[in-house]
Amino acid sequence: MSETTKQEAYKKLDTLLVKIGYPDVWRDYSQLKLDADSFAVNNMRAAEFEFKRNLAKLGQPIDRNEWGMTAPTVNAYYNPTMNEMVFPAGILQPPLYHVNADLAANYGNTGATIGHELTHAFDDEGRQYDAQGNLKSWWTKEDEKNFLTRVTAIEKQFDEFNPIDQLHINGKLTAGENIADLGGLKIALKAMQNALKKTPQAEKIDGFTPEQRFFIANAQSFRGLMRDESLRLQLATDPHAPEKYRVIAPLANMPEFTEAFKCSADRSPLREPSKRVNIW
């Protein structure tokens with residue numbers, strides 16, 4: 001980024017709102033009637049309730065206290081039109097986060113998630129919104145050109161992955177999430193290293209250094225198993241790449257991983273410099 005674009009980026013960071021745990025104002029469900037007689041009817045009532053709730057927003061001021069997820073939801077999101085990051089209590093629980101866990105593990109897991117959502121403010125879609133959440137260009141033409149060139153590189157990287165049959169990952173469809181995974185991991189690693197200077201931790205736990213524990217925790221956060229049918233559907237429709245590739249792809253662009261595990265040249269996952277992606 002040039003200095004001109006950086007100043008606009010700083011404005012966006014300075015105005016970014018972070019919501020953690022649960023909303024300050026709870027949604028009123030008193031008008032939603034549920035009973036034990038029919039699951040289908042309850043679903044219809046809930047859909048009708050939500051439709052009417054959204055309809056009532058017309059002509060009203062934006063409610064900046066509103067949450068798009070419930071407190072127990074194990075997920076998080078960045079909303080570009082509100083320039084906000086939201087982390088429900090559900091994702092801030094073990095095994096994803098624990099207040100007494102090893103610092104490196106928390107940074108590799110939840111820290112990377114925080115960095116992921118933060119990076120969404122500057123990914124291929126989020127970057128198109130300004131500090132107030134308006135769809136407005138705030139990049140210089142040269143910076144935008146350079147950014148899009150780097151995005152093309154990560155699209156090509158994921159296009160090369162073939163998880164099943166002859167179905168490749170769609171690099172363009174998954175670009176935003178892939179950018180956020182790489183950016184989030186780099187942000188979290190830097191944050192952990194800064195934190196270790198203030199709060200030193202055990203140099204080794206079970207034989208692993210803080211950097212190694214960081215990368216291991218990040219990989220563990222993506223553990224999952226799915227049927228082939230679900231994988232095929234995900235490749236065709238989901239803006240998220242399959243979990244396995246959300247681990248191996250960012251690491252292939254990070255010399256920090258190779259250095260942490262002292263990978264030999266013949267076993268290093270690091271891509272050659274000409275193919276290495278470095279967006280942020």
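Only a predicted model underlies this, so the values are computations on that prediction, with no experimental measurement involved.
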Minimal non-hydrogen separation, R276 against P255, with atom names: NH1-CG, 3.9 Å
Any side-chain heavy-atom pair from P88 and T70 closer than 4.5 angstrom? no
Whether W67 side chain and V25 backbone form a donor-acceptor pair below 3.5 Å: no
Mark yes when over 12 heavy atoms from residues, nucleotides or ligands other than L225 sit less than 6.0 Å from its CG; otherwise mark no. no
Between L118 and Y129, is there shared hydrophobic-cluster membership here, with clusters defined by ILVMFWY side-chain heavy atoms closer than 4.5 Å? no
Look at the side chain of N178 and the backbone N and O of T174, then say whether any donor-acceptor pair between them is shorter than 3.5 Å. yes
Would K136 and E8 pass as an ion pair if we require N to O under 4.0 Å? no
Contact between I216 and F261 at the side-chain level, heavy atoms closer than 4.5 Å - yes or no? yes
So, do D102 and R213 sit near enough that their side-chain heavy atoms are less than 4.5 Å apart? yes
So N79 and E84, do their side chains get closer than 4.5 Å, heavy atoms only? yes
Nearest heavy-atom pair of G115 and I187: which atoms, and what distance? O-CD1, 4.0 Å
Just so I know, are the side chains of M44 and S38 near enough to count as touching, which here means a heavy-atom distance under 4.5 Å? no
Looking at every heavy atom in both I279 and I154, which two are closest together, and how far apart are they? CD1-CG2, 4.3 Å
Would you call E50 and R53 a salt bridge, taking side-chain N to carboxylate O under 4.0 Å as the test? yes
Between V247 and F215, does a side-chain contact (heavy atoms from CB on, under 4.5 Å) hold up when you go through it step by step? CA-CA 9 Å; V247 176; F215 286 116; over 6 Å; no
Ignoring hydrogens and angles, tell me if any N or O in the side chain of D159 forms a donor-acceptor pair with the backbone of G171 under 3.5 Å. yes
side-chain contact (heavy atoms from CB on, under 4.5 Å) between M192 and L189: does it pass, once the steps are laid out? CA-CA 5 Å; M192 182 201 75; L189 179 60; 4.0 Å; yes
Which atom names give the shortest non-hydrogen contact between E211 and Q193, and what distance separates them? OE2-NE2, 3.7 Å
Within the side chain of Q93, is there an N or O that forms a donor-acceptor pair under 3.5 Å with the backbone of A89? yes
Using 0.5 Å steps for rounding, measure from the CE atom of M82 to the CG atom of L16. 11.5 Å
Near I62 CD1, under 6.0 Å, is it more than 12 heavy atoms from other residues, nucleotides or ligands? no
Neighbour count >12 (heavy atoms, 6.0 Å) for atom CG, D228: yes
Going hydrophobic residue to hydrophobic residue with side-chain gaps under 4.5 angstrom, can you get from V74 over to F87? yes
Same cluster or not: F122 versus V18, using hydrophobic residues (I, L, V, M, F, W, Y) connected whenever any side-chain heavy atoms lie under 4.5 Å apart? yes
Donor-acceptor check, side chain of N109 to backbone of L96, threshold 3.5 angstrom: yes or no? yes
E259, CD: over 12 other non-hydrogen atoms inside 6.0 angstrom: no
Over 12 non-hydrogen atoms of neighbours within 6.0 angstrom of NZ in K57: yes
Closest non-hydrogen atom pair between H120 and G176, with its separation: CE1-O, 3.5 Å
Salt bridge (charged side-chain N to carboxylate O under 4.0 Å, His left out) assessment of E256 paired with K186: CA-CA 9 Å; E256 297 92 337; K186 295 177 78 169; 5.6 Å; no
With a 3.5 Å cut-off and sequence neighbours excluded, list the donor-acceptor pairs that the side chains of residues 198-208 form with protein atoms.
unit_1 : atom_1 : unit_2 : atom_2 : d
Q201   : NE2    : T199   : O      : 3.4

Are T5 and W138 side-chain neighbours, meaning at least one heavy-atom pair lies under 4.5 Å? yes
Check whether K52 reaches the backbone of F49 with its side chain - one donor and one acceptor, N or O, closer than 3.5 Å. no
Nearest 0.5 Å, please: how far is CG in L235 from CD1 in I164? 8.0 Å
Give the ring-plane orientation class for W139 versus F147, where under 30° counts as parallel, over 60° as perpendicular and anything between as tilted. tilted
Same hydrophobic cluster for Y97 and I20, using side-chain heavy-atom links shorter than 4.5 Å among ILVMFWY? no
Without swapping roles, check the side chain of K19 against the backbone of E66 for a donor-acceptor pair under 3.5 Å. yes
Between P163 and F161, which heavy-atom pair has the shortest distance, and what is it? CD-O, 3.4 Å
Evaluation steps, side-chain contact (heavy atoms from CB on, under 4.5 Å), between Q132 and N83: CA-CA 7 Å; Q132 285 70 48; N83 192 25; over 6 Å; no
Does a salt bridge link D35 with R45, judged by any charged N lying under 4.0 Å from a carboxylate O? yes
Could you tell me whether the side chains of T73 and N75 share a donor-acceptor contact shorter than 3.5 Å? no
Could you tell me whether the side chain of D143 reaches within less than 4.5 Å of the side chain of K6, counting heavy atoms only? no
With no hydrogens and no angle check, is any side-chain donor or acceptor of S268 less than 3.5 Å from a backbone partner on A265? no
NZ (K33) and CG (N42) are apart, to the nearest 0.5 Å, by 12.5 Å
Taking it one step at a time, do V277 and I179 satisfy side-chain contact (heavy atoms from CB on, under 4.5 Å)? CA-CA 9 Å; V277 181; I179 292 169; over 6 Å; no
If hydrophobic clusters are built by linking Ile, Leu, Val, Met, Phe, Trp and Tyr wherever their side-chain heavy atoms come under 4.5 Å apart, do Y77 and Y22 end up in the same one? no
Can you tell me how far the CZ atom of R271 sits from the CE atom of M254, to the nearest 0.5 Å? 14.5 Å
With side chains defined as the heavy atoms from C-beta onward, is the minimum distance between P210 and L103 less than 4.5 Å? no
Keeping H116 on the side-chain end and G184 on the backbone end, is there a donor-acceptor pair under 3.5 Å? no
Once rounded to the nearest 0.5 Å, what's the spacing between atom OG1 of T113 and atom CD1 of I91? 5.0 Å
From Q234 CD over to E229 CD, what is the distance, rounded to the nearest 0.5 angstrom? 13.5 Å
R150 (side chain) donor-acceptor with N278 (main chain) under 3.5 angstrom: yes
Residue pair E272 / S274, side-chain donor-acceptor N/O under 3.5 Å: yes
